[in-house]
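One structure is given below, encoded as structure tokens.
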Amino acid sequence: MIEGLRQLPEEQPVGRRYLVGVSGGVDSVVLLHALHTLGYQRLVVVHVNHGLRGRASGHDAVFVRHLAAHLDYQLETTRVDVRALATTNRLSIETAAREARRKFFGQVARRYRCPRLFLAHHADDQVETVLMNLFRGSGTGGLGGMRALSHQCMEGKRLAVLRPLLGVTRDELIAYAEGEGIRYREDASNTDAQFLRNRVRHELIPFLGETFGRDIRGAILRLAVQCQAESDCLDGLVAVTAEEETLAVAEVRALPLALQRRLLHRWLRARGVEDLSFDVVEKALTLIDIEATLSKINLPRDRYLRRRQRRLFVV
């Protein structure tokens, strides 16, 4: 058994129903096999065919179907034209694919009344995520990367998102698969340089390792752990206020700048505002300035933050 997963049933009882995202790649296939070995019997395998690799994408879907049947799990699958979705909504391919998955996860969660989702993100994914967040100008929340347990709203369904492999490297997953004779699909798009994550994986991380003369992944993972702890501390200081439907300008203004930013970020996210960059939060801060002349700023996805009668609200 993969180190770190033996204690999983103590935290997530095997008798519950869970969704598990399975692409057919080594990470998700190993996770599914590990959950099966641990005794999880009420799993619903969820697969999204992004249609990005022609016949290969179809073969992935067939592989996952056979795998789910072999392990005696229910299967939910869909096909999405991600390229068309990206063009229509003016999104990157990566963002469109992620939104397609989230939408389908939410739909399946509603269908099965299941509020729990296993995902197979691993340690290498975490390193890449932290680096991408760093160069996007993220704060401590982004530098904390992905959480082993987080709560997200997908298609109006609140899900507990479980990532039990964050402490396991891809090399360890491959070694486990080979040792157990587990078959999986190789995704050729994982080397396609048009995708930012692939450039980070195959170009930036090796370059940083060569520059510093050592494997920098361990240091980045330690940074993520520290930033998660610091982020939790800051969140605790603004948690109650962030749940309010509107914010009193005077209360926000009275906080230290770091907590102002944290509060506005958490409050906007709680109102369903996504894609929150540093610039958006900084613009939001201008509305609490005592000499502010603006009463409205633009938010992502055609929404607005307004100040009226000394309170902030989203429209």
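Quick note: residue numbers are just sequence positions, from 1.
Closest approach of Gln260 to Val252, counting heavy atoms only: CG-O, 3.2 Å. Scanning all heavy atoms of the two residues, the minimum distance from Leu221 to Ala123 falls at CD2-O, 3.7 Å. Minimum interatomic distance between Ser23 and Ser28 (heavy atoms only, all atoms of both residues): N-OG, 3.0 Å. For the pair Ala100 and Leu85, the tightest heavy-atom approach, listed with the atom from each and the gap, is CB-CD2, 4.2 Å. Taking each heavy atom of Val130 and Ala224 in turn, the nearest pair found is CG2-CB, 3.9 Å. Taking all atoms of both residues into account, the shortest heavy-atom contact from Val82 to Ala97 is CG1-N, 3.7 Å.
Of the possible donor and acceptor atoms, none in the side chain of Arg185 sits under 3.5 Å from a partner among the backbone N and O of Ala61. The backbone N or O of Glu155 lies less than 3.5 Å from a partner atom in the side chain of Arg110, making a donor-acceptor pair. Listed for the Arg42 side chain is a donor-acceptor partner under 3.5 Å among the backbone atoms of Gly15. Judged by distance alone, with hydrogens and angles left aside, the side-chain atoms of Glu10 form no donor-acceptor pair with the main-chain N or O of Gln7 at under 3.5 Å. A donor-acceptor contact shorter than 3.5 Å is absent between the side chain of His122 and the backbone of Thr169.
In this structure, the side chains of Thr140 and Arg262 come closer than 4.5 Å at one or more pairs of heavy atoms. The closest side-chain heavy-atom distance from Phe105 to Leu119 is below 4.5 Å. Under the 4.5 Å side-chain criterion, counting only non-hydrogen atoms from C-beta, Leu71 is not in contact with Tyr40. Side-chain contact between Leu257 and Leu285 is present, with heavy atoms from C-beta onward closer than 4.5 Å. Residues Arg271 and Phe313 fail the side-chain proximity criterion, which asks for heavy atoms closer than 4.5 Å. In this structure, Val46 and Phe104 have side chains that are in contact, with non-hydrogen atoms separated by less than 4.5 Å. For the pair Leu312/Trp267, a side-chain contact is recorded, criterion being any heavy-atom separation below 4.5 Å from C-beta on. Residues Leu149 and Glu11 fail the side-chain proximity criterion, which asks for heavy atoms closer than 4.5 Å.
No more than 12 heavy atoms of other residues, nucleotides or ligands sit less than 6.0 Å from atom CD of Gln41. More than 12 heavy atoms of other shown residues, nucleotides or ligands fall within 6.0 angstrom of atom NE2 in His151. In this structure, Gln309 places its CD atom where only 12 or fewer heavy-atom neighbours from other residues, nucleotides or ligands lie under 6.0 Å away. The environment of CZ in Arg310 is sparse: at most 12 heavy-atom neighbours from other residues, nucleotides or ligands sit within 6.0 Å. At most 12 non-hydrogen atoms from other residues, nucleotides or ligands lie less than 6.0 angstrom from CZ of Arg170. In this structure, Arg183 places its CZ atom where only 12 or fewer heavy-atom neighbours from other residues, nucleotides or ligands lie under 6.0 Å away.
Within the model, atoms CZ of Arg253 and CG of Asp289 stand 7.5 Å from one another, a figure rounded to the nearest 0.5 Å. Going from atom OH of Tyr184 over to atom CG of Leu173 covers 9.5 Å, rounded to the nearest 0.5 Å. The CG atom of Leu305 sits 6.0 Å away from the CG atom of Leu268 when rounded to the nearest 0.5 Å. A distance of 13.0 Å separates CZ in Arg303 from CG in Asn298, rounded to the nearest 0.5 Å. To the nearest 0.5 angstrom, Glu94 atom CD is 7.0 Å from Asn198 atom CG. To the nearest 0.5 angstrom, His50 atom NE2 is 11.5 Å from Asp81 atom CG.
By the rule that hydrophobic residues join a cluster once side-chain heavy atoms approach within less than 4.5 Å of another member, Val44 and Phe63 end up as members of separate clusters. Met132 and Leu134 fall within the same hydrophobic cluster, defined by Ile, Leu, Val, Met, Phe, Trp and Tyr side-chain heavy atoms under 4.5 Å apart, directly or through other members. Linking ILVMFWY side-chain heavy atoms closer than 4.5 Å, directly or via other members, places Val200 and Ile93 in two distinct hydrophobic clusters. Clustering ILVMFWY residues whenever any of their side-chain heavy atoms sit less than 4.5 angstrom apart, transitively, puts Tyr176 in the very cluster that holds Val20. The hydrophobic clustering, which links ILVMFWY residues whose side-chain heavy atoms are closer than 4.5 Å, places Val249 and Ile290 apart.
Each of Ile182, Val64, Thr37, Val45 was compared with Leu32 under the side-chain contact (heavy atoms from CB on, under 4.5 Å) criterion, and only Val45 meets it.
Between the side chains of Arg163 and Gln126, no donor N or O sits under 3.5 Å from an acceptor N or O.
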Report the C-alpha separation of Thr95 and Asn89 in whole Å, then their side-chain angles, then the decisive distance to 0.1 Å, and conclude whether the side-chain contact (heavy atoms from CB on, under 4.5 Å) test is met.
CA-CA 10 Å; Thr95 300; Asn89 296 320; over 6 Å; no

Please walk me through it: do Arg201 and Asp124 pass salt bridge (charged side-chain N to carboxylate O under 4.0 Å, His left out)?
CA-CA 8 Å; Arg201 179 182 304 157; Asp124 295 78; over 6 Å; no

Please step through side-chain contact (heavy atoms from CB on, under 4.5 Å) for the pair Lys157 and Leu117, ending with a clear verdict.
CA-CA 11 Å; Lys157 179 72 172 179; Leu117 168 66; over 6 Å; no

Go through it in stages, so that I can follow the logic: the residues are Ile220 and Arg217, the test is side-chain contact (heavy atoms from CB on, under 4.5 Å), and I'd like the CA-CA distance, side-chain angles, deciding distance and then a yes or no.
CA-CA 5 Å; Ile220 294 173; Arg217 291 176 296 179; 5.7 Å; no

Please evaluate residues His121 and Asp27 with respect to the criterion side-chain contact (heavy atoms from CB on, under 4.5 Å), reporting the C-alpha separation (whole Å), side-chain torsions for both, the decisive distance (0.1 Å), and the verdict.
CA-CA 7 Å; His121 295 112; Asp27 44 6; over 6 Å; no

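Remark: Tyr73 engages His36 in a ring pair (Phe, Tyr, Trp, His ring centres under 6.0 Å) (not counting sequence neighbours).
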